[in-house]
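As the structure lists them, so they are numbered: ligands from 1, and atoms in each ligand from 1. Only this structure's heavy atoms are used, side chains among them; waters, hydrogens and symmetry mates stay out. Treat the numbers as computed from the prediction; the structure is a model and nothing was measured.
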Amino acid sequence: MNPKSKRVDRLLFSIFSASLLLLVACDEQAELSVTSTTQAKTTAAVDAARIVDANNEPGNWLAHGRTYDEQRFSPLADINDNNIERLGLSWFYDFPTNRGMEATPLAIDGVLYVSGSWSMVYAFDAVSGELLWQYNPEVTKAKALHACCDVVNRGVAAWDGKIYVGTIDGRLIALDAADGHVIWDVQTTPEDAAYTITGAPRVVKGNVIIGNGGAEFDVRGFVSAYDAQTGALNWRFYTVPGDPSKPFENPILEKAAETWSGEWWKMGGGGTVWDSMAYDPELDLLYIGVGNGAPWDRSIRSPEGGDNLFLSSIVALRPDTGEYVWHYQTTPGDSWDYTATQHMILADLQVGGTTRKVIMQAPKNGFFYVLNRENGEFYSAEKYTLVTWASHVDQETGRPVEAAGVRYDAGVPAVNFPGSQGGHNWHPMSYSPNTGLVYIPAQQNLGVYAHDDGFSYEKGFYNTGLDWTKATLPDDPEQRAGVIGQFTGFITAWDPIAQKEVWRVPHSNLWNGGILSTAGNLVFQGNADGQFAAYKADNGDLLWNFEAQTGIVAAPISYRVGGKQYVAVVAGWGGSLITFGEIANRSKGSVNRSRMLVFELDANGKLPDPVPFDRGTPEPPAITASAETIQQGDDLYHSRCFACHGEGAISAVSYIADLRYMSANTHKNFKAIVLGGLYQDRGMPSMASHISDAEVDLIHTYLTSMAHRVLEETNAAPDQ
Ligand code: CA
């Protein structure tokens, strides 16, 4: 057994488990017999019938959203609003890296499968917490440069004895579910381009469906289907048209090209399918969520305007062939990183006495959409958070009505709600058929969008087309606090039929965890402040809370083994908000500890004491540079470095160096690190292709000034 794995109250459990087995109810016996039969055949014997009928085995979590409709609702009710106070820590496991953790685990026949940072995969005994196997795809750490949003991974898929993971370097890998050995490993993206994979694969009718990310850089989005058995490519659907002088890959792309202008294909166009999918087996439609444009600023990528299909759209495809069926574009002509990659949920809703097959999404743009999922017809959209970029979505056309000045191509920066973090990001929401509510891990945030007058395309690097030096926080403490205060998070329990909020739980910070709802009238969510909490599903009352010590962004699941219900969540804060420096850095000051946490009734496990987050003392060299030189370095930092190291050189997380606190030795080696790749194996690639020698000096001068500022503030602070 791995020494890091710790079973809490093992003895207590073994006494209880013997008696519990005798107490298993009839339906649970059926569930167990299914389990034992399939287990006898093979591990993770998941097939189409099992996922389609997932409600017949509520003890398992077979696919990313549990069911193909991705409702993330657990029918289990052994843990419920009457006994939740008895919920305690059953076991935990400390992952070998402390970078951000965004994965939803799978729970299949007593085994948990979960992915982590650097695309690693782990299998645990779901009851004891014993690590059964782990797999490290050994990705090139320098690939972190192309990871806009941390080297995270959102989960694995299972099918016929195999576990599938997409990797940060663009591979799709099939592992033997029994021992984690590689069955096949295919490169799904061009290796010379800035593609990454962070999303979970889905398996539909024997096809492993996988997308990718990279639309902050210069990629062209697509989604691919690989044969689950062999890894052979079955089809690929591009989400944006390519060079029109070459044949289009399919007829719909020729039509889509009419909505573009200029030479968009030279900078990729974007439209990555980096997270959300859903499948309706009855309609045989696969739904994909498509991301933002590359560059963000439409005036650069498509200078004559246009809707730029299929950016920021939900697209329905045939899962056997990738054939286009319909689309709905949430943000025509996106210029704000308003991706429609957010979680999509399928449900049959009673509207005016009629059952409607709908697809629901709360994309970044701040509107909650209800569409007809047979044909993409628009039903309704309302604001679920503060939205200023558009007044409403027109009922006739289904198009947003933009506010004046939101397009910043006139040379005037736009300050919009939401900003690029979105009213809702990738963090999964949940739909409870019992309450009829969609629980959205929502947030309020603003974005400063400024056209980059000096933009020049730079292959393989950030190509948003925005001037980020105009988006930094003000130095004045009061103004600064005022801006930071605009960034908040909350759970909104949303009635999708009435299109209105039923209850809300406010959080102190944005970037909180994904959500699970259960038949026990419970809603579970971890948050940025390091709490894992349960709320009453019908009214939002806080019923239970666990001090997780580290922020949580991933979504919980629930499963049942041996007649006992468990709740599991992966802790470990990270993801794209780390770019935001002080805004992101308001959560607990402890060292990020990436952990698997599993709970059951009457367990009372304890976590070890948290490790305080000590950045050390800055050891900058003396500084004599002029204010002008420092400003040049500041501007360079905010176009080259901030996306990982944070706005204002403030790192939001313990696992990424806060460059204000560099040691004397790091200052000495600065150039060797930045240009020479000295720390490449730690995920700090050489920036030699993107930063010149003279620019490194300027950036270093800026960081040195920021270090002196920390020392001044420390010295000015009263003794504690
Ligand atoms: Ca994006």
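For D150, the salt bridge (Lys or Arg N to Asp or Glu O under 4.0 Å) partners at least two apart in sequence or on another chain are R99. Partners of Y462 under the ring pair (Phe, Tyr, Trp, His ring centres under 6.0 Å) rule, at least two apart in sequence or in another chain, are F217.
Of all the N, O or S atoms in D337, the one closest to the Ca ion (ligand 1) is OD1. E216 contributes atom OE2 as its closest N/O/S atom to the Ca ion (ligand 1).
A salt bridge links R407 and E402; the closest N-O separation between the charged side-chain nitrogens and carboxylate oxygens is under 4.0 Å.
Taking the six-membered ring where tryptophan is involved, the planes of H690 and F461 are essentially parallel, since the angle between them stays under 30° and well short of 60°.
The nearest N, O or S atom of N292 is closer to the Ca ion (ligand 1) than 3.0 Å.
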